Amino acid sequence: MKIRKGDLVKVIAGDSRGQQGKVQTVVIAKNRVIIEGVNLVSKHTKPNAATPNGGIIKKEAALHISNVQLVDPKTGETTRVGRKLNADGKLVRVAKKSGEEIK
C-alpha cells in the first residue's frame with residue numbers, strides 16, 4: 001500500500017471529489033481508506049447506554065484507495081508515490097513530482 005495512516009490525501013473521484021483530509025484508517029483487505037471529515041454518511045442509531053438520546057449521527061465512510069491521491073508535502077499538489085533508498089540505505093517513500101521524502 002502506498003498510502004498509510006496519517007497521510008494527507010485528496011479525493012480525486014466520486015461525490016467527495018476535491019476534498020482533502022488525513023487518513024484515519026487503511027483497510028488493506030478491502031483496499032479502502034477512511035479519511036477524516038470526508039465522505040460523511042448519516043447513521044440512524046437507537047437509544048442505548050452509550051447514546052441515551054439516539055438519533056442521526058454523521059460518520060465517515062470508507063473510500064476505495066484508487067479514488068484518493070497523496071498530497072505532496074512540498075508543493076501541496078497531488079502526486080504519485082515512489083520508493084527510494086535514502087542515505088542510510090533504508091527504503092523510503094518519495095513524492096514523484098518533487099522528489100521530497102514522505103514522512
Side-chain angles (χ1 to χ4, degrees):
M1 283 280 182
K2 297 189 177 190
I3 293 173
R4 295 182 186 161
K5 182 179 176 178
D7 285 348
L8 183 65
V9 294
K10 187 173 186 177
V11 181
I12 58 170
D15 292 339
S16 301
R17 183 179 184 181
Q19 294 183 15
Q20 65 181 32
K22 239 177 198 169
V23 175
Q24 288 181 329
T25 313
V26 178
V27 185
I28 295 169
K30 292 187 175 181
N31 290 329
R32 293 187 164 269
V33 289
I34 297 174
I35 305 166
E36 198 174 291
V38 177
N39 196 28
L40 295 173
V41 293
S42 299
K43 182 175 166 68
H44 295 70
T45 57
K46 278 186 167 181
N48 59 24
T51 54
N53 293 336
I56 301 168
I57 297 171
K58 291 280 187 183
K59 185 180 177 184
E60 290 101 357
L63 286 166
H64 197 272
I65 204 145
S66 66
N67 294 336
V68 298
Q69 200 167 21
L70 192 81
V71 174
D72 194 329
K74 194 174 188 180
T75 62
E77 298 175 18
T78 58
T79 182
R80 290 180 296 152
V81 181
R83 289 160 41 133
K84 246 183 201 168
L85 286 172
N86 66 0
D88 303 333
K90 192 173 183 183
L91 203 60
V92 292
R93 296 182 304 152
V94 292
K96 289 270 192 174
K97 281 189 181 174
S98 67
E100 187 81 13
E101 187 177 316
I102 300 163
K103 307 235 182 276

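As the structure is a prediction and not an experimental result, all values here were calculated from the model. Only this structure's heavy atoms are used, side chains among them; waters, hydrogens and symmetry mates stay out.
- In summary, the side chains of K58 and S42 do present a donor paired with an acceptor at a separation below 3.5 Å, with no hydrogens or angles considered.
- Other cluster members for V33: M1, I3, V9, V11, V23, V26, I28, I35, V38, L63, I65, V68, L70, V81, I102, joined by side-chain heavy-atom distances under 4.5 Å among Ile, Leu, Val, Met, Phe, Trp and Tyr.
- Under the side-chain hydrogen bond (donor to acceptor under 3.5 Å, both in side chains) criterion, D7 pairs with R93, not counting sequence neighbours.
- Of all the heavy atoms in E36 and Q24, the pair that sits closest is CG-NE2, 3.7 Å.
- For P52 against A49, the heavy-atom pair with the smallest separation is CD-O, 4.2 Å.
- Here the straight-line distance linking atom CG of D15 with atom CG of N67 works out to 10.5 Å at 0.5 Å rounding.
- V41 and A61 get closest at one heavy-atom pair: CG1-CB, 3.9 Å.
- Annotation: salt bridge (charged side-chain N to carboxylate O under 4.0 Å, His left out) contacts of K97 (sequence neighbours excluded): E77.
- Few gaps surround CG on N48; more than 12 heavy atoms of other groups in view lie less than 6.0 Å from it.
- The two residues K30 and H64 make their nearest non-hydrogen contact at O-CD2, 4.4 Å.
- The two residues T79 and A95 make their nearest non-hydrogen contact at CG2-CB, 3.7 Å.
- Considering NZ of K5 and OG1 of T25, their distance stands at 6.5 Å, rounded to 0.5 Å.
- L40 CG to K59 NZ: the interatomic distance, rounded to the nearest 0.5 Å, is 11.5 Å.
- A side-chain donor-acceptor contact under 3.5 Å links T45 to the backbone of G55.
- When all heavy atoms of K96 and G82 are compared, the closest pair comes out as CE-CA, 3.9 Å.
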